[in-house]
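Some notes on the structure that comes next.
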Amino acid sequence: MKIVVMGLGYIGLPTAIMFANHKQDVLGIDVNENVIKELNTGKIHIEEPGLQAELDRALTNKTFRAGLVVEPADAFIVSVPTPNNDDALKSCDLGYVQSAVSNILPVLEKGNTIIIESTIAPRSTEDHILPLVESTGLIVGKDVFLVHCPERVLPGQIIHELIYNNRIIGGVTPACTQAGKKIYSVFVQGELIESAASTAEMSKLMENTYRDVNIALANELVHISAELGINALDVISMANKHPRVNLHQPGPGVGGHCLAVDPYFIAAKAPAQSHLIQRARHINSTMPNFIVENTVALMDKIQGRKIAVFGLTYKGDIDDIRESPALEIYHELDAMSQFDVVAYDPHVNAPFIEQDMATATADADLVLVLVDHSEFRALTSADFNNMRTKAILDTKNVATECKDMENYYDLGTLSKIKERQAVSIIA
Ligand code: SAJ
């Protein structure tokens, strides 16, 4: 089977290579000429464990090549970005998907299948993509097949999850679903679940919205508990001992290209019916501000000047800083001229990021932990001997070996910042 994959990013590239390494003839298309050149000379442009070796294999077997121009094929898989529109409700921008599909249309033939993997607002396949495809005169479900098959893989585990996760195959008609199943059965070992396009779209969005809403609940608990002088982290671990409770973990906000984006796609389609989803987005997107406020209060209390920010990525053990609340917090603190702010992240290479931990902590007054990188689990009080004031604000509850330090704060003990300030004022 010849397969064209449109968009060679975090999902499109591994998907294309996976088909190529399962004996399919794959052409990967991208608008970025540099990416095409690098891939054809054997270099991947994203960090994903195991992917380089998979590309090497596909290039050796000559089953994968990258290019700029779409060619006729049996199946076309669209895996391009779907950002938020710059409107009040941050609706779904289908521009890249529509442009990718438009580029397929001139080579589309009877019997072909088009699969949309990009995350899209509910009803997009039927209301926007179907009319585009049928503008060619070909009938969907009879002449050609149209499917929405959302990706659900976790960065860092993409290769394993591509093979073993279940896939929702949402056809516009039952014949479309069958055509989609045939394609993914090439390498997917998880269940191929038959569904309709709109159900598949909404299901993908709700998976991430479920997580976003639950994280918002944990973050709201932090706000409430800080006010009432209760340890929110203790509450979460107690409550989670109940067999049917699974409170999520609070943090400095929700980042990445999924949880911080997808809920808006639903809310924008049904604003009057999506109060909880919108409220959760508000709670999570204002967490960086809340952390900045607490950091400023703590710096005020300890009369500090230098802050060492530990971690800039949107979550632990990855190099991705897209939609990262940690980066937002770093920039906000840095913009306040009263502090000397240094960023340290062992996973990210950038000119403004310090690579040496001791340099970052030298003469610092506060270590502000914003990401749960594995490296930070090993931190002990001894790592901070070169600080001017040994204080930590650990927003990810990760530096657990440091909890005995006098000036250790986490999201369960924020009320201590206020209490101590009051004491020092009285004194
Ligand atoms: N986070 C918390 N508290 C938690 C869990 C996560 O604050 O208890 C934060 C993280 O620090 C991060 C954000 O949420 O900033 C998102 O992290 P994540 O690990 O929940 O999700 P992503 O965005 O890396 O990947 C998600 C996954 N979806 C689900 O687990 C339901 C993945 O399977 C999807 O493929 C991906 O979104 C996507 O592409 O949609």
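Counting convention: from 1, in listed order, for ligands and their atoms alike. All values below come from the heavy atoms of this structure, side chains included, with hydrogens, waters and symmetry mates left out. These figures come from a predicted structure and were not determined experimentally.
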Before signing off on this row, confirm whether Glu161 and ligand 1 have an N or O atom pair separated by under 3.5 Å. no
Does any N/O atom on Gly256 come nearer than 3.5 Å to any N/O atom on ligand 1? no
Check whether the side chains of Asn21 and Glu54 place a donor and an acceptor atom closer than 3.5 Å, and report yes or no. yes
For Asn407 and Tyr409, does a side-chain donor sit closer than 3.5 Å to a side-chain acceptor? yes
Would you say Lys396 touches ligand 1, if touching means a heavy atom closer than 4.0 Å? yes
For [atom], what's the nearest protein heavy-atom neighbour? Residue, atom name and distance, please.
| atom | answer |
| --- | --- |
| atom 18 (P) of ligand 1 | Arg211 NE, 3.8 Å |
| atom 19 (O) of ligand 1 | Lys315 NZ, 2.9 Å |
| atom 33 (O) of ligand 1 | Arg152 O, 3.0 Å |
| atom 28 (N) of ligand 1 | Asn208 OD1, 2.8 Å |

May I ask you to list the atoms of ligand 1 that are less than 4.0 angstrom from any heavy atom of [X]?
| X | result |
| --- | --- |
| His248 | 8 (O) |
| Glu207 | 31 (C) |
| Leu154 | 25 (O), 27 (C), 32 (C) |
| Cys258 | 23 (O), 36 (C), 37 (O), 38 (C), 39 (O), 40 (O) |
| Glu151 | 35 (O), 38 (C), 39 (O) |

Inspect the contact between [Y] and [X] and indicate whether a charged nitrogen and a carboxylate oxygen are less than 4.0 angstrom apart.
| X | Y | answer |
| --- | --- | --- |
| Arg281 | Asp212 | yes |
| Glu207 | Lys204 | no |
| Glu220 | Arg279 | no |
| Arg167 | Glu151 | no |

Examine the proximity of ligand 1 to Met206 and report which part, side chain or backbone, both or neither, has a heavy atom under 4.0 Å away. neither
Part of Lys204 with heavy atoms under 4.0 Å of ligand 1, whether side chain, backbone, both or neither: side chain
Have a look at [options] and point out the one with the heavy atom closest to [atom].
| atom | options | value |
| --- | --- | --- |
| atom 4 (C) of ligand 1 | His257, Met287, Gln249 | Gln249 |
| atom 12 (C) of ligand 1 | Tyr314, Tyr10, Tyr210 | Tyr314 |
| atom 14 (O) of ligand 1 | Val261, Ile215, Thr119, Asp262 | Ile215 |
| atom 21 (O) of ligand 1 | Leu259, Val153, Leu247, Asp320 | Leu259 |

Closest approach of Ile120 to Leu94 (non-hydrogen atoms, all atoms of both residues): CG2-CD2, 3.4 Å
Minimal heavy-atom distance between Leu247 and Leu217, with the atoms involved, is CD2-CD2, 3.9 Å
What's the separation between atom CG in Leu379 and atom CD in Glu375, rounded to the nearest 0.5 Å? 9.0 Å
Looking at His373 versus Phe376, is the centre-to-centre ring distance below 6.0 Å? yes
Do the ring centers of Phe352 and Tyr330 come within less than 6.0 Å of each other? yes
